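In what follows, every chain begins at residue 1, and chains take the letters A, B, ... in the order their sequences are listed. Just so it is clear, the model here is predicted, and its values are computed rather than measured.
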There are 2 protein chains.
Amino acid sequence: MSSKKRTTIHDIAKKLDITASTVSRALKDHPRISDATKELVIKTAKEMNYQPNSIAAALRRGTSNLIGVIIPNIDRNFFASVVRGVEDVLNDTNYNVIICQSNDSLEKEKSNIKALLEAQVDGIFASYAKETTDFSHFEDIVNRGIPLILFDRMQDVFNVDAVVIDDYLGAYKATEHLIEQGCERIVHFAGPENVSIYRDRRRGYEEAMKRSHLSVDEDLIIHSDLKLESGKRLAEEILEWNELPDAIFSASDYAAMGAMEVFKKHDIEIPQDIAVVGFSNESFTSLIDPGLTSVDQHSKKMGQFTANLFLDRLKDKSKDHTPTKTVLNPELIIRGSSLKKVEQPQDQKIEPEHINT
Amino acid sequence: MSSKKRTTIHDIAKKLDITASTVSRALKDHPRISDATKELVIKTAKEMNYQPNSIAAALRRGTSNLIGVIIPNIDRNFFASVVRGVEDVLNDTNYNVIICQSNDSLEKEKSNIKALLEAQVDGIFASYAKETTDFSHFEDIVNRGIPLILFDRMQDVFNVDAVVIDDYLGAYKATEHLIEQGCERIVHFAGPENVSIYRDRRRGYEEAMKRSHLSVDEDLIIHSDLKLESGKRLAEEILEWNELPDAIFSASDYAAMGAMEVFKKHDIEIPQDIAVVGFSNESFTSLIDPGLTSVDQHSKKMGQFTANLFLDRLKDKSKDHTPTKTVLNPELIIRGSSLKKVEQPQDQKIEPEHINT
DNA sequence: AAATTTGATGTAATCGATTGCATGAAATAT
DNA sequence: ATATTTCATGCAATCGATTACATCAAATTT
């Protein structure tokens with residue numbers, strides 16, 4: 001059954017007693033080919049079940065129509081969603097996407113890049129590994145003249161196109177929202193200080209407090225690894241305080257959720273007694289009760305932006321473009337965990353789709 | 001800076017005053033090349049920063065070392081995880097993975113297949129779209145002699161390699177577990193009857209009941225779309241019953257979670273009053289309180305199996321292999337929502353990793 | 001010493017599509 | 001009627017690596 005030989009333009013040419021070049025041009029709708037032969041060629045191609053060999057075309061043209069995407073892990077919601085955004089955009093073009101995972105390992109990242117370069121990809125989108133501090137392997141990509149765009153994580157030392165989210169602004173919005181709800185004694189669950197996104201989130205929190213003439217109380221800023229368990233532990237600690245806070249802004253949804261569980265168990269009303277806001281808009285935030293207000297990082301949009309930036313770069317590749325840093329505006333998704341005042345008109349509530357198998 | 005021309009084997013050959021074929025052979029460690037030249041070539045290649053062009057090799061050899069994976073959505077945990085499994089295995093080989101999303105649309109699926117065939121992939125792994133009932137476009141793949149493996153979703157009418165999970169067995173295990181915990185009046189949240197996986201899960205539930213000489217009460221089997229909201233609604237209804245059930249086995253984690261929330265709000269103790277078990281082991285199941293017992297579908301393992309099956313097929317491609325259906329054994333992950341008896345030794349509890357940004 | 005084997009490398013075709021540069025015929029302009 | 005375009009297609013090189021076959025010198029065998 002399996003017809004070993006795939007038909008090529010030469011097969012079509014032979015059958016029609018013309019040359020392969022004519023066939024090639026006819027299929028590409030070249031203006032110099034008569035309509036009659038075009039029709040004939042197309043018809044015959046269909047009859048012979050012709051499928052172009054893009055590998056051959058790639059070799060000749062020097063462009064593979066492949067894009068490499070390097071992410072730490074594909075089964076992390078955020079990155080999967082970024083990839084989705086990339087795919088959404090590139091699916092309407094001739095590009096195919098190759099996915100590589102670094103598992104946050106520098107070695108793996110290097111070998112990924114090597115593999116992608118060998119596959120002659122036309123561009124690489126990457127979110128670098130946590131281990132990565134030296135960027136010479138990324139510079140290799142740029143030196144080869146292959147467009148590179150970093151997303152989510154980026155380093156200012158390395159001058160390259162990047163698409164990131166504004167963590168500072170996200171935290172600012174979250175805190176400002178809590179203040180608008182009447183909260184004044186707002187605890188911040190902060191992350192490790194050596195990670196830039198957590199420093200930015202803390203800055204956003206502090207700035208929002210200051211702008212509203214609320215004092216930034218160091219005792220209200222608690223550092224942890226921001227995991228679920230830490231959230232629970234911190235909540236237990238807070239319950240021992242003389243004076244309870246009236247809100248918590250957590251730099252992670254997980255810690256926020258852990259805290260909520262503990263508070264609920266102690267019959268503390270959310271958001272009446274303590275309002276809670278998280279960060280990342282993980283899918284579970286809309287599932288729990290009350291829904292957890294959170295900062296959405298526009299993961300899919302980030303992917304779309306990245307892909308579109310690449311396509312834009314292609315158009316005027318002539319010029320030596322200066323690398324651009326695109327900073328996406330995070331969005332506060334307001335849910336029950338922070339909505340103390342009467343329901344306000346909420347025109348842009350984006351709920352992640354419910355998923356079931 | 002960007003050295004326009006990449007070095008080829010010809011460049012190396014010219015520099016060393018030998019031919020490209022010798023270079024090619026030296027790099028491939030061909031036995032007929034002297035060690036001296038091998039060393040020299042390898043050294044020079046490194047110096048000249050040579051990077052093989054796998055496109056050219058692919059054209060010549062007729063094998064691209066690309067694998068196409070078609071999934072409905074990449075940002076669905078289950079599929080992302082399958083892809084992860086595939087990547088895990090193929091990363092140790094020369095294969096690269098191209099991802100395509102069908103968005104559960106038949107048209108998209110067809111165009112994905114077309115694109116992959118044009119890219120000359122060496123194999124295709126696919127989970128077909130919900131819309132798909134006719135499989136002729138998949139048959140095209142097989143007819144071209146390209147290995148095709150379906151995963152998760154499969155149709156018995158179409159004879160092809162497949163890796164799936166045993167939904168029946170998963171449901172059986174879940175129900176059996178509830179019975180072991182002393183439950184007798186077990187409600188089943190069933191899914192749409194036209195979907196095979198939901199029929200299988202119901203069968204598993206019924207069979208487990210029968211085996212334990214418990215009657216299968218049609219009134220205890222409730223159909224819905226299994227979304228979170230449905231779970232809540234059904235729980236409210238159940239609360240009106242004269243006699244409450246002592247357990248719920250839901251064919252979806254979402255519905256189970258919705259029900260749990262409602263029960264908790266009505267001060268019904270879980271699992272003492274009502275034990276709950278879900279299906280799919282979604283990541284949130286380990287986050288909520290109590291943790292939701294659920295059936296794990298081994299998504300990553302499914303991907304690994306699929307990739308390994310492909311690699312096995314390659315080895316003895318000589319023979320006309322009969323398509324194999326691999327059925328993975330689902331695993332019951334026991335958590336607080338169903339554990340009424342004294343904690344039993346639990347030796348294989350696999351908790352999904354907590355993820356935080 | 002002649003014959004044969006082995007070892008190391010070169011020659012050239014090939015994979016399939018693309019494309020700059022002819023070519024020859026028909027159409028139009030002078 | 002001759003000169004010049006325009007049109008439709010053919011020719012042949014090219015992309016870079018691979019590989020069957022050829023070649024030639026050195027090593028070994030008889």
Side-chain angles (χ1 to χ4, degrees), chain A residues 3-42 44-45 48-66 94 117-122 144-145, chain B residues 3-42 44-45 48-66 94 117-122 144-145:
Chain A
S3 48
K4 284 293 160 203
K5 291 154 204 153
R6 317 188 180 173
T7 65
T8 71
I9 52 172
H10 293 95
D11 300 328
I12 300 175
K14 200 172 293 172
K15 184 155 192 176
L16 297 180
D17 202 31
I18 53 180
T19 53
S21 28
T22 305
V23 174
S24 172
R25 291 187 179 108
L27 291 173
K28 282 187 55 193
D29 202 26
H30 187 110
R32 277 310 201 27
I33 299 292
S34 70
D35 291 345
T37 41
K38 273 184 194 170
E39 251 180 73
L40 189 61
V41 167
I42 291 171
T44 314
M48 299 180 73
N49 197 15
Y50 168 73
Q51 201 113 29
N53 184 331
S54 60
I55 292 271
L59 177 59
R60 176 64 226 259
R61 283 203 311 257
T63 150
S64 64
N65 283 9
L66 291 174
N94 292 321
L117 289 178
E118 287 185 10
Q120 311 297 119
V121 293
D122 292 343
R144 273 173 194 275
Chain B
S3 49
K4 284 295 161 207
K5 291 155 205 155
R6 318 189 180 172
T7 67
T8 71
I9 51 171
H10 292 96
D11 300 329
I12 300 175
K14 202 173 291 171
K15 185 155 191 176
L16 297 179
D17 202 29
I18 52 179
T19 52
S21 31
T22 304
V23 174
S24 171
R25 290 187 181 111
L27 291 173
K28 281 188 58 194
D29 202 26
H30 187 109
R32 278 311 206 17
I33 299 291
S34 71
D35 291 345
T37 40
K38 272 182 194 170
E39 251 181 71
L40 189 62
V41 167
I42 290 171
T44 314
M48 298 179 75
N49 197 14
Y50 169 72
Q51 201 112 31
N53 184 330
S54 59
I55 291 271
L59 177 58
R60 178 62 226 262
R61 282 205 311 258
T63 149
S64 64
N65 282 10
L66 292 174
N94 292 321
L117 289 179
E118 288 185 9
Q120 312 296 120
V121 293
D122 293 343
R144 271 173 194 275

Distance check needed: [N] [atom2] versus [X] [atom1], whole Å only.
X	N	atom1	atom2	value
B:Glu118	C:dC15	CD	P	20 Å
B:Asp11	D:dA17	CG	C1'	13 Å
B:Gln120	D:dA17	CD	P	19 Å
B:Leu59	D:dG16	CG	P	12 Å
A:Leu27	C:dT19	CG	P	13 Å
A:Glu39	D:dA8	CD	C1'	16 Å
A:Lys38	D:dA8	NZ	C1'	11 Å
B:Arg61	D:dA20	CZ	P	13 Å

Could you run down the sub-3.5 Å N/O contacts of the protein with nucleotides 27-29 of chain D?
none

Before giving the answer on side-chain contact (heavy atoms from CB on, under 4.5 Å), spell out for B:Arg144 and A:Asn49 the whole-Å C-alpha distance, their side-chain angles and the decisive distance to 0.1 Å.
CA-CA 11 Å; B:Arg144 271 173 194 275; A:Asn49 197 15; 3.5 Å; yes
Only one of B:Leu27, B:Val41, B:Asp11, B:Val23 passes side chain to side chain contact (heavy atoms under 4.5 Å, CB included) with B:Tyr50; say which it is.
B:Leu27
Under 3.5 Å, is there a donor-acceptor pair between the side chain of A:Thr44 and the main chain of A:Leu40?
yes
Side-chain donor/acceptor of A:Lys38 to backbone N/O of A:His30, under 3.5 Å
yes
Identify each atom pair where a protein N or O and an N or O of nucleotides 4-10 of chain C are less than 3.5 Å apart, giving names and distance.
from, atom 1, to, atom 2, distance (Å)
C:dT9, OP2, B:Ser34, N, 3.1
C:dT9, OP2, B:Ser34, OG, 3.3
C:dT9, OP2, B:Thr37, OG1, 3.0
C:dG10, OP2, B:Thr19, N, 3.0
C:dG10, OP2, B:Thr19, OG1, 2.7
C:dG10, OP2, B:Thr22, OG1, 2.4
C:dG10, O6, B:Arg25, NH1, 3.2
C:dG10, O6, B:Arg25, NH2, 2.9

Within less than 4.0 Å of OP1 or OP2 of D:dT19, is there a side-chain N or O belonging to B:Lys28?
yes
So CD of A:Glu118 and CG of B:Asn94: to nearest 0.5 Å the spacing works out to 8.5 Å
To the closest 0.5 Å, what do you measure between CD (B:Gln120) and CG (B:Asn65)?
12.5 Å
In sequence, state the C-alpha distance, the side-chain angles, and the governing distance for A:Asn53 and B:Leu59, and then conclude on side-chain contact (heavy atoms from CB on, under 4.5 Å).
CA-CA 9 Å; A:Asn53 184 331; B:Leu59 177 58; 4.3 Å; yes
Give the minimum heavy-atom separation between B:Ser64 and B:Asp122, together with the two atoms involved.
N-OD1, 3.0 Å
State whether a side-chain donor-acceptor pair under 3.5 Å links B:Thr19 with B:Thr22.
yes
